[in-house]
Amino acid sequence: MNKLLTTVLAFAAVSLAGIANIASAQDIVGDAKAGHAKVDMCLGCHSIIGYQASFPEVHKVPKISGQGAKYIISALNAYKKGDRKHPTMRGIADSLSDQDMADVAAYYSANGVVAGATLPAKPTVEPSAQVAALLTKGACVSCHGDNFSKPIDPTYPKIAGQHADYLYVALKSYKTEGNPLVGRSNAIMGGVAKQFSNAELKALAGYVHSLEGELKVVPQSRFR
């Protein structure tokens, strides 16, 4: 009995410690100024207009200036845990502490943001009948918002105006299974993406890209 009690108490202590660590991570406040000093590893891809990656296929790297801070943190943690399989991004995420992630996220969420600028409540570009049907089938607005830039959860991304080729590659990655280097593990997005053919995903990506959004590439002076 004493041995059992000791085991139970030890398990409880570990569980409480884990809860405390989660709460502590959630309490971390990002500092945009500190983040500016930590983004050197990001600039070579995300601060060059038109920059293209070649893995797993050629596509523009995503616009992250103006992206939601909590989404950026969530994405970095997904790379760190291996839920998103991308060797370069995992290597970068592995090097970041929770505070680093919060600071980098704070920096990019504010980078290039114009005070007072607002987006229309709904997209100003109407989808084709085909794309409208696909958007309804995927229930895309239920997570990303009516204008695809006001997600219902801050850990979801703004996607309006994002590069079409990046969106296409990202959507396909949710369909990929069993590849140690490519793929994203997310129950919601996996279920959505697997409903569509690649041609349909490309059509969706093209429409979302055509919309006015808050995302942008802000070049550094050294890259102008």
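- Using a 4.5 Å heavy-atom threshold, the side chains of Tyr107 and Val39 count as touching.
- Note that CG of Asn111 and SG of Cys42 are 11.0 Å apart. Values are rounded to the nearest 0.5 Å.
- The cluster map of Ile, Leu, Val, Met, Phe, Trp and Tyr, joined by side-chain heavy atoms under 4.5 Å apart, puts Val182 and Tyr174 in different clusters.
- A distance of 11.0 Å separates NZ of Lys216 from CD1 of Ile49, quoted to the nearest 0.5 Å.
- Not a single side-chain hydrogen bond (donor to acceptor under 3.5 Å, both in side chains) links Asp94 to another residue, sequence neighbours left out.
- Remark: Arg90 fails to qualify as a cation-pi partner of Tyr79 under the 6.0 Å distance and 45° angle criteria applied to the six-membered ring.
- When the side-chain contact (heavy atoms from CB on, under 4.5 Å) test is applied to Lys85, no partner is found at least two apart in sequence or on another chain.
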May I have the step-by-step check of side-chain contact (heavy atoms from CB on, under 4.5 Å) for Gln220 and Ile48, ending in yes or no? CA-CA 8 Å; Gln220 297 293 307; Ile48 302 177; over 6 Å; no
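- By the neighbour-count criterion of 12 heavy atoms within 6.0 Å, atom NZ of Lys80 is densely surrounded, having more than that number from other residues, nucleotides or ligands.
- The CE atom of Met101 lies 8.5 Å from the CD1 atom of Ile73; values are rounded to the nearest 0.5 Å.
- Annotation: side chain to side chain donor-acceptor pair (under 3.5 Å) contacts involving residues 151-167, sequence neighbours excluded, comprise Asp153-Thr155, Lys158-Glu214, Tyr166-Arg184.
- Under the 4.5 Å side-chain contact rule for hydrophobic residues, Leu215 and Leu167 do not share a cluster.
- Distance alone, capped at 3.5 Å, is enough to place a donor-acceptor pair between the His144 side chain and the Pro157 backbone.
- Gln67 is not listed as a side-chain neighbour of Tyr108, based on a closest heavy-atom distance of 4.5 Å or more.
- Using a 4.5 Å cut-off between side-chain heavy atoms of Ile, Leu, Val, Met, Phe, Trp and Tyr, with links allowed through other members, Leu43 and Val113 fall into different hydrophobic clusters.
- Lys33 pairs by the salt bridge (charged side-chain N to carboxylate O under 4.0 Å, His left out) definition with nothing, not counting sequence neighbours.
- Leu211 and Leu201 fall within the same hydrophobic cluster, defined by Ile, Leu, Val, Met, Phe, Trp and Tyr side-chain heavy atoms under 4.5 Å apart, directly or through other members.
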Sequence neighbours excluded and cut-off under 3.5 Å, please list the side-chain donor-acceptor pairs for residues 124-141, or say none.
{"residue": "Ser128", "atom": "OG", "partner": "Val131", "partner atom": "N", "Å": "3.1"}
{"residue": "Thr136", "atom": "OG1", "partner": "Ala132", "partner atom": "O", "Å": "3.0"}
{"residue": "Lys137", "atom": "NZ", "partner": "Gln195", "partner atom": "O", "Å": "3.3"}

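- Between atom CG of residue Leu119 and atom CD of residue Glu212 there is a gap of 5.5 Å, rounded to the nearest 0.5 Å.
- Looking at Asn198 and Lys175, their side chains come closer than 4.5 Å, going by heavy atoms from C-beta outward.
- Separation of atoms CG (Asp98) and CG (Leu76) is listed at 10.5 Å; rounding is to 0.5 Å.
- Looking only at side-chain heavy atoms (C-beta outward), Leu181 and Pro87 come within less than 4.5 Å of each other.
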Evaluate the criterion side-chain contact (heavy atoms from CB on, under 4.5 Å) for residue pair Ser173 and His86; output intermediate values, then yes/no. CA-CA 10 Å; Ser173 72; His86 188 287; over 6 Å; no
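- Within 6.0 Å of NZ on Lys202 lie no more than 12 heavy atoms contributed by other residues, nucleotides or ligands.
- Between Ser97 and Asp100, the side chains place a donor N or O and an acceptor N or O closer than 3.5 Å (distance only, hydrogens not considered).
- Met89 and Val169 fall into different hydrophobic clusters, where Ile, Leu, Val, Met, Phe, Trp and Tyr residues are linked whenever their side-chain heavy atoms come under 4.5 Å apart, directly or through other members.
- Under the rule for a side-chain hydrogen bond (donor to acceptor under 3.5 Å, both in side chains), Lys81 has no partner lying at least two apart in sequence or in another chain.
- Remark: Arg84 CZ to Ser185 OG distance equals 11.0 Å, nearest 0.5 Å.
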